Every structure is written in C-alpha cells, then in structure tokens.
Amino acid sequence: MIKKGLLIAALLMGAGLVPVYAADMNKVLRVSYPAPEVGFDPVKTTDLYSSSISSNIFDTLVAYDYLSRPLKLIPNTISAMPEISADGKVYTFHIRKGIYFADDPAFKGKKRELTAEDYAYSLKRLVDPAVHSPTGYLVEDVIEGLHDYVKSLNGKALDYDKPLPGLRALDRYTLQIRLKEPNSSFIYIVAMSHLAAVAREVIEANVANTMAHPVGTGPYRLAEWKPGNKIVLEANPNFRDYTLPTEGSGKGLDAQIAADLKGKKLPLVGRVEVSIIEEEQPRWLSFVNQQLDYAGVPFSAVNTIMQPDPARPGAFKLLKKWSNMGIQLQQELAPEVTYTYFNMKDPVIGGEDKQHIALRRAISMAYDVQREIRDIRKGQAKPMQNIIPRGFVGNDPNYHGAVDYDPALANALLDEAGYKIGPDGFRANPDGSRLELEMATSPSALDRIYNEAWQSAFDRIKIHLRFKVAKWNELYKAATEGKLQMWGSAWTADYPGADNFLQLLYGPNSGQTNNGNFQNKEYDELYRKTLSMQDSPERNAIYLRMNKIVTGLAPWAYQDARINNYVINPYVHGFKQHPIYYSPFMFIDIRK
Amino acid sequence: MLGYIIRRLWQMIPTLFGVMLLVFVVFNWVGGDPSYILAGKRLSPDALAAIRAQLGLDQSLPAQFWLFVKQVAHLDFGLSWSLQQPVTRILAERIGPSLTLTGTLLVVELCAALPIAVLVAYYRAKLIDRVVTIVCTVAMSVSSLVYIIVGQYVLAYQADWFPVQGWYDDSLLHSWLVFVPLPLILGLAVSLAPDVRFYRSFVVEELQQDYVRTARAKGLSERVVLFKHVLRNALIPVVTTVASSLPFLVLGSMLLERFFGIPGMGNELLAAVDKSDFPIIKAITITIAVATMVFNLLADVLYKWIDPRVELK
Amino acid sequence: MPTSNVASSAATEPASRSLWSLGWQRLKRDRVGYVSLWVVVFFMVLGAAVWSGLLARGWDQEVGNPNTAPMWAAQEKLQHTGTSDGMEGATGPIIRLTPAEDPIADMLAAAEHNKSKYQTMEAPKTDALILGSDQRGRSVFEKVLQGTGTSMLVGIFGALLSVALGTVLGAFAGYFGGKTDDFLMWFYSVFTSVPDMLLLLAFAAVAGRGFTTLILVLSFTSWTGVFRLVRAEYMKQRSREYVQAADAIGASHLSRMFVHILPNISHLLLVQFSLLLVGLIKYEVILSFLGFGVGVKQVSWGSILGEVPTELMQGYWWQLLGVVIMMSTLVTAVSMLTDALRDALDPKVK
Amino acid sequence: MTDREILLSVRDLKVGFRLEDGGRFEALKGINFDIPRNRTVALVGESGSGKSVTSMAIMRLLPEFGCEIDAASEILFEGKNLLKATTGEIRSLRGRDITMIFQEPMTSLNPVFTVGDQIAETLIVHAGLGRAAAAARAVELLREVGLPEPEKRARAYPHQLSGGQQQRVMIAIAVACEPKLLIADEPTTALDVTIQKQILELLANLQKKHGMSVLFITHDLGVVGEFADEVIVMRHGVIREQGSSRQVFEAPQDAYTRALMACRPALAHRPERLAVIDDFLQPEPYVPPPDRARGYAPEDRTVLDVQDLCVNFDIREGLFRKRKFEAVKNVSFKLAKGRTLGIVGESGSGKTTVGLTLMRLRQAASGKALFDGKDILAMNPREFKDYKRRIQIIFQNPYASLNPRFTVGSILTEPLRLHGIGSNQAEREKIVRELLDRVGLPSRAMGKYAHEFSGGQRQRIAIARCLTLKPEILICDESVSALDVSVQAQVLNLLQDLQDEFKLSYLFISHDLAVVKHISDQVMVMNKGEVVEQADSDQIYRAPACDYTRRLLGSIPRGWTPAADAA
C-alpha cells in the first residue's frame, strides 16, 4: 500500500511539469535490460541496448513493420519506399515534410524540420575518422566514392559540406544514394539505427559528449540518464502523427493489437523507465511483483514458470499459477545462431584435409546438443541446422545441416582418421604426439556449465581438453588475432538478410567476424555472387550449396538458436516481440 | 597537532604513488584491451587503431602512467571508456546510493552490536554469554552469499515483504525508505555476529585491567564500573576499528549492491572490472586509497581525542 | 649413592612440559574446543580422503536424473521437456549432405562399420540419492564431499602461504626497523589501501582458474593482517631480554629472528592460521561465485554455491543445503577451536 | 597499647583456588588476626605467602570463579561478617569505610578520566556531594596528599603524573571519605627509594591525622619497622608470627622471622656470606659469619676502562624535528679484575643504559670502552664477536630473559654451539651439567622449560648461561631486584662465590643501595645520566660526598627503631 502511494506521488510530480501531450504522461512503462547500455549516439554504438534506445529517439528512412512476419520494410520518414534504378545502384528517397526534431537549445527555440541534408550528414558521420564509428563499414565500401574520399583526407577533417557523388541531397526533401555495386541488402542497412537522422547543430553543440545528447525525430526523447543504471524516456511532444502502420496477419495477437491501437496516435505511454538489472533472479522477482511490466523469462527458472504445451508440440505454456494471474507468454525463435568455431588455421584442429575434417566432425558428433537444450537451455532453444536462421529469406527448412549426436561413430571415425588411443587412455595425434585441445571460455557460472558439457563431450571421445579462461574482451582480441583454437560464439541478426549470417564464414572477413579463419574459394565466390542477387530459387540453391560446403568441412560445431520467452503483465497491451526492435515502446499501452 | 597532520599528509604521497603503480601495473597487465569491447561486432584494424588512439592506448607505458599521474594530480579521470561519460560525474552519482546503504548499515550495526557486546561481556562466562557467543560463531560460519541469496528469495520473493530490488534515482530518502531495508537486514545478518564478538573481546580485555579493581574498591556498582569506566576505554579500539572501516562505506558493499541493483560504487567497480573500464577502476581505487589514508589519519586524531595517553608524533 | 637419588626423584617428578604441551592440556580441558578440534580433524581426514581419491571419486558420474530431490524429500515429478531436432518447419523431404558431397564419406562409411565396439550401455539412472542430484544428474552428496576436499585444500594451503608471507615480511620489518621497515610498511600500506576485492578480481582475472591460482591469489591478498601482527610482535619481542641475551651470547640476526623469536609468536601464528582458514574458505566461495575459482573438472563449495541462485528459483534447494551444512560445521568448528586455542596458548596464563 | 579496640578481625580464614588441571591450591590455611582501631598493622611475607589474598578477601575482590572461601571463615568488620554481607552492603563499605591502594598506581588509575574526576567520583557516591562540591573537595585532598599545584593536577590525566604522584592520587581517593580502614598493598614497591620514603611518611601522617587503621602489606620488613604498630609475618598461607612491632623486631620468636631479618643486606655491616632461610631452620643456632672487607686495591689490574661514555636517544618532536635526549653523559670508570663496581641510581639515571651500551645493545654516541686496551665500542661486529663472549649480562627479569620455548638444556648449550666450545653435543651437555651443578641446580633441569622454575632458579640458569662462555666481566643489571629477600640472599651469595672462584669482574647495577653496598668494592652513584659520586663502597656509605648521595642514603628505611614505637 505504501509503495503504491509513493509511486503515485512520484507520477504526479512528473506530470506537473509537462504541457499537453498526445501520450498519457501519467502512464509509465517499466522495463529492464540485462546489460548496461553504452550511450545514444547512433553512429558510435553497436550494442543491442544502446541501439534499442536510439531507435526510440531517432528515425531511419525505412523501418520494419511492427506486426508483419516475416519482417517487412515500410517507409518511415519517407513518403514511399525508395525508387531504385534499373541497374540496382541508385536509391532515391523522398522525405516527408513536416517532421520535426524534438526541441533542444541547439535549435535556439525554433522548430527544426527534418531534411535530406540531415540524412546525408548522418551518413557522413559514419565514415568521419574523427568520430571513430565502429559501424562505418556498413556504408564506407558500399556507397560510391565514400571510401576514396575518406582515404584522401589523410588526417584532415572531413568536410561535411563537400558534395559527394554517391550521397546527395537533391533538394530539401530528396536524398539520393549511389552504390558502388548493386547490393540486395542495402535497404536493410538503411533501416539500421546507425543510419538514423541526427541534427548537425545538436552534434556540433555537444561534440564532447554526443552520447548523452540524443535529439531526434522519434517518438521519445531522453529525459534522464544514469549510465549503466537507468534510462528514462519521455514522449517527444514534437513527434509526428503516427498510427499503427499495418494490421499484420490480422489474426490472433495481431488482431488483438490492431484492435487495441487502431486509430490511436502513438506513442501511448508518456514515460518509459528502463533499469539495468544484471542478475536474473532479481529481474524475475521484480516482474512478479509488478515492478516491471514485461520481462524475459529467466531461462534458469523456466521449469517453475512454464511447461510443455501438449496442444502445440515444441511449444510451452505458463504454469497455472502464473496464467491465473493473467500473465501472458510470448515465444519467438531468436534470429540467431550459436556455434563453436574451430580455428581453421590452427595446425592441430584446422585444415581442409580429411584427417582434420574427421577430427572436427567427431567433436561435433560427441557434443550432445539435445542435452544442452534440455538441461542448460531448459528446452528453450532449437538445434541449429542452417547457417541462415529459420524464418529468414534463404533459409531452406528442409536442410538438415547439423551432425547427429553419435559418440560411438565419433570414436570410430577418429580411429579411421588415425587418432589412436594411447596407453594413458587418451587419443594422440596421428604422428604420435600428444593431443590436447584448448577451448576458450569466459569465467561466469553459466560458462562453467557449458564447460562441463564440453568436457564430457571430449571425455566421450577420449581427447584431452583444457580451458583458457579470460575475460570476454581478452578472448575476443585473441580470437581476431587467430590465437584461439575453439570458442563458442553467437551471431544475432543485424538485419533480416541471409548475407548477414553467411558473411561469418566469408574468407576476407577473417579477423573481423570470421574468427575461425574459414577460407574456402568456392564459398567466397558464391557469397560474392549472391550479394547482388534478389530473392530467387537460384539464390536459394546457392545458399544450399554454401551450407553443404560448411557441413562438409565442419569449421563450426552447430549448436542452437534460443527461443525468446517474454512474460507480460495483464495490464500491458500492444506488446509483440519483434526480431529487430528489442524495445518497441511506442506501441505499448498500460491500462491498469 | 597541525604539524602532525601535515606530516601525515606528506607521508601519504609515497603510498599514493605506490597505489597508482600497483593499479596501473595490475590493470595494464591484466585488464585487457578495452578497444575490443568498444569496437563492436565487426572489427577492422583501422577502427581498432582509431579507438586505441582515442583512449591513449597507443602511447608507451611510461607515457600512459605519466598521464595517469597528471590525472590524479588534477582529480580528473577523463571519460569512462565504456560509458563515454566523465568519470567524475559517474562517481558523483554512485557515491550517494553507496553511502545511503553502508552509512545506515554502519550506524544501525554500531547501535546494535555495541550494547549487545557490552551486555554479553557483563555476563561473561554466564549462560547468556555462551549462548550469544555460540550463536554468533554459527551465524558467522555461513557465507555472506548464502544470506543474500536466501534472504532475497525468502523475504522479498516468497514473503513479498520488501521490493526485490531497485532504486529511485531522484530521491535518496525515498530509496532509503523503500529499498534499503532488505539489504540492510541482510548486511546486518552478515556483519552483526562478527562485530559483537569483536567488541565483546575489547570489553572483556578492559575488564581485566587494574583500574577496574580500583573502581570496584571504590565501592562503585558493577553498572557504573562497566558503563563508565570500562566502556570509555573499550571505545578506543572500537573507534579505531570503525574509522578504519569508513573507506569501505565509500566503496559500498559490492555483493549487496549487485544483488539489489543499487547503483553504487561497488556495483560500478564490478561492472568496470568486467568491461576493463580502466578510467573508472583507476578513479575508484584512488578514491578508496585516499579515503583509507585520510580515515586512518582521522582515526589517529580521534584516538588522541578519546585516549589522553596518546601523543601524536 | 647420588645417581640413584637423582633417578628416583626424577621418577616421582611430573614429566617436564613445554608451553605447547601445557596448551594442549588446557585445550583438552576446554570441552567445546576439544570437540571442535576433533571436528576439524575429521574434516581434514575427510579432505585428505577425498584428495587421495578414497572418497567421492565418482562425483562427476551422472548417476541420477537431473535435479532429483533428496530421497527423503517429496518432489513433484518433473515433466521433461520434449526435444526438438529443429526440423519442425520442414515442408518437404529432408535434405542432407550426400556421400558424394561429403569430403570424408569413405572414412565415415568405414567408421560406421566399426562403431559397434564403442557402443556402450548407459547405466540406469537412479532417483534415490541421499542429497539428490544436480542439473547434470550427479550425486549432490558426493559433489559436496568433493567440494569439501577442494575447499579444505584451498583454505589450508592458502592460509599457510599467507601466514608464511606475512611472517617473513613482518619479521624483517619489525626486527630490523628503520629503512627495511619503512619500505615494507610502504608496501603494506599500498596493499591495504586498495580494496581487497579489487585485487582479488584483478589477480584472478589474469591467472585464470585452478587450485594453484586460487591459493596464490588468495594468499597474495590476505598476507597483510599477518604482516601487521607479526611486525608488531617482533618490535615488541626484539627488545625483550631473552633476545638481548641471545645477542649477548652471539646469536646471529637470522637466528634471533627465526630460532628465538619465532617460536614465541608461534601460538599467534596458529591462531592467525585458523582465522585465515575460515576467511579464505569464505573468500573462495565469493571468487567462485564470480566465476573465478576451481577448474571445470574440480568442484568446490563456491562453485556449487555459484549454481544455487538459479537453482533456488526452480525450487532445487538441496545443493544449498549440502554446502551450508558442511561449510557451517567446519567453519563453526574452526572458529570455536580458534577461540579455544587463543585461550589455551595464551602465555599470560602461565 | 591500651584501649586496643578491635576494628576488624579475621577468623580462621581459609581460601583455596581451583587450578585448571583440577587440583586445588590452598592460598590461606586458616589465619586469625585482628586490626585494632587507629593502628597500623603490617602484613609481611614473601611472594606466595598469601598476604595479597588476605587483603582481597577483606575487600571481597577475589575473583568470582575458581576461588573458594571456606564457609566457616569469618571477617568481622565492626562485628559484621563481611563474607556474608550482601553485594550492596559491601559496596557501601568499600570506598567509604574500607579503602585500598595498590602496587601499580599507573594501571590502577583509569587512564581516560582526570584524577580530579576519579577522586570526586568516590565523594559523589559515598559522601553524597554534588559535582562541584566534590571537585572542590578533590582539590583539597590533592593538597592534603602533598601534590604541588593541586588545582592544575586535578585536571591532569594519570599518565601526566609521575609514579609517586599517581600513588598520592590513589591515596587521596582512599582517604577521601575518611575510611576506618585503609589497606595498602605494596604501595611503594614500584617506586624509587626517595619517593618511597615520602609516600611512607605521607601514609603515616594521614593515619595519625584521620585516626584510621592501616593494613600495610609488604614483602620488605625494613619498610614497616619505622611506623607499624603491629606486625604479622606470613609464609605459605600461614601466620608465622604476630605481635607488636617491638616484640617482633626485638625478640622474634619464629625462626622464619629471624631469617627474614638476617638475609637482607644491611648498610651497617657486610657479612662474608648472607644468611639464608635454611640457616635458621636448621636445629643448630645460626652464627653470623665475619664481615668482609671491600675496596679497590692499588695492585688491581684494570680490565675495562670506560672513558667519557655518552649515549643519546632521539625523540621525535613536532614536524620532522628530532630532539636529542642525553641518557648518559660523560661517564668514566675503571673496572678491576676480580672486583665489583656497583652502579646505583634511581629510575632514569642512565645506569642500565651504561650496561647495555657496553654490551653494544645500545649505540654509544661518543667515548671509549677499553677492554684489555682495545676499544670495544669502535670494533666492527666481526671483531667484537670474540670480545662478546668475554662480557656477559644478567638481566633483571628472570621471567623475560629465558626463552620460554627452549628447554634449559638448549638455552645453555646454544652459546657453546655458537662459539664452537665443545666438539659435540654430548661434550657440551657435559659442560652444561657441570655448570648447573655449580649454580646449584640438578642436572635433570636440562630437559625442563624455564616456566617450571622459580624466579631464583631462573636467575641461576641465567647466570649459568653467562658462565658457559667463561666471561671475564659480568654485568648484573638489577639482577636480584625482582627476587624475594630470601632468594636474593642466595643469589648474591652465589655471585660472590663465583667471583671468588673465577675472579670475575662485576658491574653491578641496582637501585638498592644496601645490596650494592654489600656486593661492591667501588660504588658509582648516577643521577640524570651523570656520575655524581664514585668511591670505595664503605667510604661512600660512611661519608657521602654529595647531596644527592646523602639524600639517597637518607631515604633507606631505617628498619626497626624503638623511637617509632615511642612516638
């Protein structure tokens, strides 16, 4: 009772300061992130949590529809999807008039309209050497002339006013981008929050600390920020009239949400409080006590929260205890792959000769993914079968790319390949030298559980295994330098394009994302070929071939893709998990 | 007195230098390369080099150390590497919550532990003393982690007597009312037992002194002997112990802050070590080191104040 | 007959006793202390038995079903989640790598032929375990026993090393004073000015996992208390008359430090050792909880407690119970023994 | 001896202590004595005699645990049995009717309260005075006990006062409420002889002035002679003799009493050997041996020639500054072969520092110490090693100078081993056995630890340790001061025997003038680091040349004088 009273008092205090809003300023949405954000300069951050906040503050040219699955791009600040030239290289965007930035002292009290120049400016910031953007690669080699211009700077400051042939504002509302090569994924890149529009005046007024001064045209603006602890967003009073763009499938949850939001001006909730809670237990407890409005299901507590749903094979439902409270469960397969890579340049485990392929395949066979899913993932994952996640264009649902768990076969295979069991009961290299493999790992308790699973896999095939324990960044550094033998990795989609995953094995990406240093000529050629192809059976056939190359050579031990489980308190409306937008705050309503 | 304080302050410089050296060596050696955290999912050598240049990691070690020395001299630790915010600002925000919890903890604990200790010492070797001593010993034997894990689970989650975790950023008082009680109770559970035992030993030690015999020979009642004569003397080690624990008020209780989501220094330090955020680690360590030295000095001055025998040299 | 005289009177006189044996006599009279001593001895024997492989050797065998409650406690039967091969969405026949496409098809075929010799029968899983099983189905009882061995090992050797380190440094600082003392005190104040936890995390991060690391890291951060005590004792003892007497008869500095003075503070070191034993066992728990700690093939109380927060939320309390019982028994016993030792060995009593 | 009205009487007091090994130690075996009103009763005994237990029993301050008082015992104070009184009754008696002062004034005062407060406290509790009145009365009391500037002293903390002043404060507390009985437990033992005299006089005056009874507990018969009306001699928990002072001193009935009086060295004469208790407990009567002549002879060979020895200590003061404290200033003396040089002085006179400096346990600032013509102070440690064995030292505290963790055997063989005396362990043990025999200890002592011996035996062990190295010079630093008189006599006799046998030279440092006179050929008086006077011992006692020496001699308790009784 006391708690509630205080809360209301806090809300009232907030409400007193604010002018008239479309959003209900008395409504507060409270959510949590499991890891700290970095900041809110879209070109400077790469982490999920920073980007999720950024996408609530800034607007990209195109955006994913909220409800449609598979994902569909729709115009966001442009009046229609861009015009693409016949050769696939020139994109023309027509920006809508009357979109305004949130107020900021940098605008000197005037309303500031969004223009094509803003996008041009924002894109140039990505490659500005002074900005050190970690995401500059997204456009630098893609847009014509950008790379050459940056290289020509030679330490000089980038001149934002200099017109570039590849990136031009034709007029106040028209932006034209010319690509070096046709690129079927470019439109996805345009939808990434790193390419959202910032206002030059604001950036220049806050050069020293752009991370803390996000000013955009999006539905929310940053009200308060305690780095690494709490982020408070407030509805942006200058936000344009915006309603739910499509009704999605028009069935089930989609229909419910469409009915809820139809015709309403978004956002609905005036204030969003995001707290960073790193431990799983308190996060869940907070949700149960309605201190959080929705939350992920802690996978460690899956058994006490949900059970397999007999009506829908493979799916789960909440235990009675929770569903009686009106809590809703949403399950969605994450757009990701998790795997353990083998370093293909490593003399012991790498190489495309049969002996080493057999070794890697045997390791994959000895690792029980099903058991991992059952015991560690608590059933909340599906085995990975394809480099391209399920549900993505290009994923062949019939392809079984994973190696089946079969320790006996793995042992027999190792015998064939010459890895004989020595007098100590462990296998030696075919040349008789001692065989001991090393797997990298971070030191957390969860990592330890995985370590134990891998340890038993190696015990099954009688190979010595040791762990190299270090902090994640140290391992990452070693990985990019090709110094690790094996390391568990995961990749989550940046955008729903197959190439976003296939590039993980693309030879030239060695030392960047291709940490296993997989170099296969045929694969690389096919990858380049598909880049300019549109979705077609031909392209799907190539994707299948690429998958088979990888299954054959086994640079990865496939693991799984997680199922994201969300629980939602009964008074929360409009929430639907989105594979790209982690925090679709503007669609959510609180009705207590 | 003033001369003493000046001399002590002067003596802090080599220690501070040592601390800086230790922190620098330890974290430059083991701390890992933060540029890999900042670089994101896709690494290019150019981007890495740019980040390293921005962080000053491309300079020689002596140059980096010299920079560190200058930062300490100016009390400006630059920007946090992971949060890109001024370290001073981050720490300024963190210190309030830490102090709110640990300060309350200290006061409550002193108020509880000292009377219990005196009482038990008064009845030393009687049943109540033995019972309390044994209870304390058993209570101390359980890991603090167990108290926190079980306490949070039972008191907050199952019984719902307290919020599970959280913090109001706008009002420390509000947070203190709502969020401090549970960590406070658990903190007490962890530290009350050892402190009672500790303080009891001080009192018992004093009870064996000759002046207690004199006081009794004067015909004073046991109560006066205990609370006037003994307590005043037993307070001397208590004050020193408390004063030397003050720096950790500033640091906060890492585990409690972590579990209860209190945005304090300890939580920040754990996160910073996790992310190799060297500027934050440096700043916190230097702050704690300076606090340790200053509070030690304070302890000595206090010592002088309550114990007339002490001469400050 | 003078000789017989001496012999007879020697026989009637009580046997001569060193301070240690007097302390032992006093300890024996302290009932709580004496019982504690035997509990500690029991744990040491247990630790040695575990360590030498006599006990709990099969702790990492997956003998039971995952997360089974202790046999004496009621538990709702778990619904095991169904497994999926991730092919539910298939729209046509399953496509696999064909032998023609497989670079090692021939090896696989041969291996398939030979694999029977590796087929093993899996032992049936039991649900009847004293303390239930963990999430891999290992017996919690055996695991906790194994953890006891590890924690004892880490605690004992860590405390030994800390005491040794603190004693040697403290002896030099306190005995020689002057510049030696200034330097060592500087070293000491630097270490005490940096929060323990920070040092612990930093050292642990560079050194990775394992016993040796743990022991080194723990002792490297916990020598300071011993140092302060030993230094103060040496300052006090070096001006004692028996030390001056040793100087007068020509004993060297090292001999005075370690032959004459050291035995006289040995009872304090024993007390410090047992205090550190408790302290380090508790520290190990926290380090392991944070992920540094023993290796994957080893288990300690801390690594078990690391699994507890998530288990507790699922209602699996038995690992917590096992560790808490063992740990609090040992730590209580050591603490009480420490108290008893402090009293029994106090030279003031004699 | 008329109107001898009894204030307190002890009847059949039996006190036993439970030992931790389950045994029982009878501290008092049923004693009976009376304390008359307005009289001073001296309770005399050596350590372990039970004299302090008696006083504690009267105050009811014996520890609650492990101490048993026989149920039939009675301590009647004005007819009331204190042993049966309630805590409240006892509390109101303590500090008002019965008060007590202790041996260690420093630790007996509470360090954190001003002395004024500590005096006032009694007045507030017992006399019902208000705070201000009590404070004013406290100042008066301080004046009465002879503290200069009492207003200022009342605001001082105990540590700011000297030992004598602290004891005066204790006395002020004790007499604050006009007690009927004051128990003084060894009140002067820890004090210098001049201070001792003042305190004794003060006590005597106060006794007369307030008409109270005093129970004066001491180990030193000499102290009580001057002012006690009655004397009780105790040994091993039994009263050996009691009676009026005249009776006890002039015609002691008990052999032990006689022995006690005889074994203390006296200024008047110097026997060949001091009497020991056993001499008196033999059936045949004790015949005092002839006196021994002392003094340097011209033909004496000088072994140690100390010239202008100075020793300084640094005292840190203020910011970075150090002040030099001159502990020993220009001390010169010669020590002759086979002779004893006594150094006498009060605490802080620098006498101990001289001894330690000669052992090079302290650093000399300047000066020379020529040992056989070589300056041992200028030698490097290696050169000094050979000389080290030739000068040895016996310390004051026999409890601290033997390593408690070593057996006597290893204590004694260690120097032999270090200096390569004796070719193997067996040979060394043989030497040690002979030495033990020489100092009067059985050879089975070798396997024992120091704590198993009494103080006198320990001092014998310490002497034996020095003898292992066959030194030429032995520095005895207050070596007999901590011992009971009877034991002290034995050790002094031993030292004398050894000197006669081995022609040792002694540097005998002590605060006790009688002892120094007894053993020394020449005496050097030191005060504040300087030598005040140096002469042959008989001469210095007969005709002291300077004031300070005279004052020292004047402070020595004169023992029993019939005049005291007459007064």
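By convention in this document, chain letters (A, B, ...) are assigned in the order of the sequence lines, proteins followed by strands, and residues within each chain are numbered from 1. Keep in mind that this is a model prediction, so the values were computed, not measured.
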When rounded to the nearest 0.5 angstrom, what distance separates CD in Glu241(C) from CG in Leu361(D)?
10.5 Å
Which one, Asn397(D), Leu356(D), Leu469(D), leads in non-hydrogen pairs under 4.5 Å with chain C?
Asn397(D)
Distance from Arg240(C) atom CZ to Asn403(D) atom CG, nearest 0.5 Å?
11.0 Å
Side chain, backbone, both or neither of Lys385(D) within contact of chain C (heavy atoms, under 4.5 Å)
side chain
Phe258(C) atom CZ, neighbour heavy-atom count above 12 within 6.0 Å:
yes
Is it the backbone or the side chain of Pro442(D) that comes under 4.5 Å from a heavy atom of chain C, or both, or neither?
neither
What heavy-atom pair brings Arg465(D) and Ala245(C) nearest, and what distance separates the two atoms?
NH2-CB, 3.2 Å
Residues of residues 411-420 of chain D with a heavy atom under 4.5 Å from any heavy atom of chain C, in residue-number order, are Glu414(D), Pro415(D), Leu418(D), His419(D)
Between Val259(C), Ile261(C), Asp247(C), Val243(C), which has the largest tally of heavy atom pairs under 4.5 Å with chain D?
Asp247(C)
Against chain D, label Ser252(C) side chain, backbone, both or neither, depending on which of its atoms sit under 4.5 Å from a heavy atom there.
neither
Side chain, backbone, both or neither: which part of Ser239(C) has a non-hydrogen atom closer than 4.5 Å to chain D?
neither
Between Gln244(C) and chain D, which part of the residue has a heavy atom less than 4.5 Å away: side chain, backbone, both or neither?
both
One should read off an interatomic distance between Tyr242(C) OH and Phe406(D) CZ, to the nearest 0.5 angstrom, of 8.5 Å
Which one of Gln392(D), Arg360(D), Arg389(D) has the most heavy-atom pairs closer than 4.5 Å to chain C?
Gln392(D)
For Tyr34(C), does the OH atom have more than 12 heavy-atom neighbours from other residues, nucleotides or ligands under 6.0 Å away?
yes
Take atom CD in Glu383(D); do more than 12 heavy atoms of anything else shown fall under 6.0 Å from it?
yes
Looking only at non-hydrogen atoms, find the nearest pair between Ala248(C) and Met359(D) and report the distance.
CB-CE, 3.3 Å
